[in-house]
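Everything quoted here is computed from the prediction, not taken from an experiment. Letters A, B, ... are given to chains in the order of the sequence lines, protein chains preceding strands, and every chain is numbered from 1. Just the heavy atoms: all of them, side chains too, but no hydrogens, waters or symmetry mates, feed the values below.
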Number of protein chains: 2
Amino acid sequence: MTQQRGPTISQVAAAANVSKSTVSRAFSRPEMITAETVAHVMEVAARLGYVPNHTARALSTGRAGTVAIVVPDIANPFFPPLIRGAQAAADQAGFSLLLGDSDEDPTREDVLVGKFAPQTDGIVLVSSRMTEEQIRTHAARRPLVLVNRDVSGLPRVLIDTATGIAAAVEHLAELGHRHLVYVSGPASSWSNSERRRAVRAAGRRLGLQVSAVAARRSTYDAGVQQVDAILGSGASAAIAFDDLLAQGILAALATRGIAVPHQFSVIGCDDVLAATMSPPLTTVSAHGGDAGRAAVDLLVSSLDGRHDDPRRVLETSLVLRATTAPPP
Amino acid sequence: MTQQRGPTISQVAAAANVSKSTVSRAFSRPEMITAETVAHVMEVAARLGYVPNHTARALSTGRAGTVAIVVPDIANPFFPPLIRGAQAAADQAGFSLLLGDSDEDPTREDVLVGKFAPQTDGIVLVSSRMTEEQIRTHAARRPLVLVNRDVSGLPRVLIDTATGIAAAVEHLAELGHRHLVYVSGPASSWSNSERRRAVRAAGRRLGLQVSAVAARRSTYDAGVQQVDAILGSGASAAIAFDDLLAQGILAALATRGIAVPHQFSVIGCDDVLAATMSPPLTTVSAHGGDAGRAAVDLLVSSLDGRHDDPRRVLETSLVLRATTAPPP
DNA sequence: CTGTTAGCGCTTTCAA
DNA sequence: TTGAAAGCGCTAACAG
């Protein structure tokens with residue numbers, strides 16, 4: 001029982017000498033009524049500063065006009081472009097975008113999704129850290145699309161970094177490297193499993209020795225901290241889970257006086273920082289913005305009842321820059 | 001007229017043999033009714049899987065339970081931490097966060113705010129590019145809090161980078177620099193005006209010559225492109241609008257073979273990239289996360305009718321790292 | 001402490 | 001093509 005923020009449909013109806021239904025239709029189904037009626041209503045509405053109440057419409061239609069996106073960490077540079085893409089697509093489809101940050105915590109993620117579910121038309125879950133069971137439970141209640149998480153039967157957009165990573169391994173092999181190390185990221189990340197597996201598979205195929213060290217979180221500092229282990233592995237090149245880790249690695253290598261790429265090669269992934277680093281980082285492209293856009297499009301089309309292929313995979317490729325060279 | 005996503009309050013009421021009001025109270029004002037009634041209702045509700053409908057509640061109470069934040073560019077590293085802070089504060093206060101990205105376009109910003117106004121309880125406008133008049137118009141319709149934009153009378157949180165920038169100029173003067181250049185950012189940005197003014201004032205006070213070059217947008221590439229102008233100014237040190245610009249400048253300086261800090265000094269602002277750059281960038285701290293949190297807190301408390309000081313200013317300081325030294 | 005009764009602002013049959 | 005009326009699910013006086 002509070003005051004309405006602006007004029008209501010009834011006031012416009014009264015002022016325009018028509019019924020509420022007519023005003024309603026002028027806004028949502030103008031083709032149902034005379035053009036001049038529409039024009040008249042619109043003019044009166046504009047004069048009064050009327051804006052349809054989103055909430056009331058949502059209650060009446062059962063559609064919230066809102067989708068949510070939840071990510072593990074907004075501050076991680078991989079996500080902003082993705083969110084931006086999602087935002088643009090949502091906007092274009094007439095939806096508002098609710099944002100959630102789970103802080104890499106599956107429990108928080110679960111709570112967030114539970115909170116969003118009843119107030120949105122659908123949810124985009126990016127790099128989910130929840131169990132498959134939790135995800136399926138939520139998906140049963142509300143349209144859900146996954147990004148970088150592969151749960152069969154659910155709509156999902158997957159950035160196929162594995163292919164790019166395989167290319168990275170081949171590139172290193174061609175350069176003459178015989179032993180490389182994979183610096184892994186978040187253990188519960190699908191992307192991390194994919195990349196680790198891709199490194200191993202390609203390494204085996206090419207007869208390379210591959211070690212692994214675990215950075216757990218994807219941060220600059222984590223990269224710095226792994227350098228001892230990386231160097232200790234005896235490898236001559238490292239492939240990092242992502243650019244952030246690679247950046248830390250590069251910095252720590254520099255302070256140790258190890259020249260990149262001539263004494264050690266480094267490859268990142270995602271291409272979110274790579275171009276602005278020095279030396280510019282060789283990395284695997286990821287197109288996060290496209291993924292965000294695709295996810296929302298998938299979601300929206302599923303709401304419209306359209307039946308898109310529920311599994312969209314985005315290609316990646318190796319981007320050569322300045323951090324790889326033959327081993328010393 | 002669509003199906004409700006789950007059981008409604010009426011079904012719970014029927015199943016629990018109480019009235020709708022009782023169920024409603026059990027959820028929103030449990031202290032108003034007997035503990036056992038609450039327990040009983042809750043149990044039945046749980047069994048049925050009842051979740052209160054957010055939209056219906058919003059329509060009835062006139063409170064959306066949602067606040068919006070609109071920023072010029074999510075992909076700019078200054079904003080994610082700020083958004084993160086806002087999100088955390090909103091979450092804590094029981095609000096959901098709607099996100100808008102204006103893409104640095106005042107018109108888009110205006111439209112976004114207009115769209116959010118009727119469906120939120122309030123809006124946080126970060127680094128607004130709108131005219132003061134537009135802002136006041138929106139503020140008249142809906143609680144608004146500004147971040148890094150100073151419109152008298154409106155609640156706002158201001159990051160006082162001017163003080164930090166002044167310290168930066170002093171630092172450079174102490175080092176022996178006699179001529180410096182300010183590399184400005186977005187023309188319509190309040191922060192940019194503040195920083196430019198601070199450089200000028202401090203320069204005058206200390207008897208330094210200060211030039212200026214304009215980068216317009218805050219991007220790495222814009223920084224790169226300004227290097228000719230920067231060098232052409234004859235200054236021995238540059239203070240950039242922000243870290244992103246400074247990063248581009250550093251990179252371009254490096255490719256020209258100009259050693260930082262020994263041949264040229266550079267200072268950034270915001271401290272969002274600085275620590276991870278090489279060499280680590282001397283910069284002015286900004287605490288974006290605090291600003292986001294403060295903005296939402298201000299908004300929420302104003303909704304509660306509380307009367308906080310509508311102008312909160314956040315301190316900053318110079319963070320010395322490795323990009324400044326005496327002039328050659 | 002609990003139930004009854006009106007709405008919140010909009011959409012949507014159903015008639016006219 | 002337009003209007004009247006009945007809700008959407010919930011909250012909030014007002015009684016009891």
Worksheet item: If you pin B:Thr34 and A:Phe27 to their nearest nucleotides in DNA chain C, which one's is more 5'?
Response: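 Upstream on the strand: B:Thr34.
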Atom-to-atom span, [atom1] of [X] to [atom2] of [N] - whole angstrom:
{"X": "A:Arg25", "N": "C:dT12", "atom1": "CZ", "atom2": "P", "answer": "10 Å"}
{"X": "B:His40", "N": "C:dT2", "atom1": "NE2", "atom2": "P", "answer": "12 Å"}
{"X": "A:Arg63", "N": "C:dG9", "atom1": "CZ", "atom2": "C1'", "answer": "19 Å"}
{"X": "B:Met32", "N": "D:dA13", "atom1": "CE", "atom2": "P", "answer": "10 Å"}
{"X": "A:Asn53", "N": "D:dC8", "atom1": "CG", "atom2": "P", "answer": "18 Å"}
{"X": "A:His54", "N": "C:dC10", "atom1": "NE2", "atom2": "P", "answer": "12 Å"}
{"X": "B:Leu59", "N": "C:dG9", "atom1": "CG", "atom2": "P", "answer": "7 Å"}
{"X": "A:Arg57", "N": "C:dC8", "atom1": "CZ", "atom2": "C1'", "answer": "16 Å"}

Worksheet item: Ignoring hydrogens and geometry, is there a side-chain-to-backbone donor-acceptor pair from A:Arg142 to A:Thr120 under 3.5 Å?
Response: yes
Item to complete: Using atom types as modelled and distance alone, determine if a side-chain donor or acceptor of B:Thr131 lies under 3.5 Å from a backbone N or O of B:Gln134.
Response: yes
Response to the item:
Taken to the nearest 0.5 Å, the spacing of A:Asp110 CG from A:Ile135 CD1 works out to 10.0 Å
Discussion item. Once rounded to the nearest 0.5 Å, what's the spacing between atom CZ of B:Arg84 and atom CG of A:Asp101?
Written reply: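 Output value for this atom pair is 4.5 Å.
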Side-chain N or O of [X] closer than 4.0 Å to phosphate OP1/OP2 of [N]:
{"X": "A:Arg29", "N": "D:dT1", "answer": "no"}
{"X": "A:Ser60", "N": "C:dG9", "answer": "no"}
{"X": "B:Ser24", "N": "D:dG9", "answer": "no"}

Worksheet item: Do B:Glu109 and B:Ser128 meet the criterion of a side-chain donor-acceptor pair at a distance under 3.5 Å?
Response: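 The answer is yes; a qualifying pair exists.
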Discussion item. Taking any heavy-atom pair under 4.0 Å as a contact, classify B:Thr22: base, sugar-phosphate, or nothing.
Written reply: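 B:Thr22: backbone/sugar contact only, no base atoms under 4.0 Å.
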Worksheet item: Is A:Thr37 touching bases, backbone alone, or none of the nucleic acid, heavy atoms closer than 4.0 Å?
Response: sugar-phosphate
Discussion item. Assuming nearest nucleotide by heavy-atom distance, tell me which of A:Glu31 and A:Lys20 is located more 5' along DNA chain D.
Written reply: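 Comparing both residues, the 5'-ward one is A:Glu31.
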Worksheet item: DNA chain D: A:Val18 or B:Val23, which has the more 5' nearest nucleotide?
Response: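 This one resolves to A:Val18.
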Worksheet entry | Quiz item: A:Ser21 side-chain donor-acceptor pair to D:dA4 base, under 3.5 Å |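 Yes, the side chain and the base share a sub-3.5 Å donor-acceptor pair.
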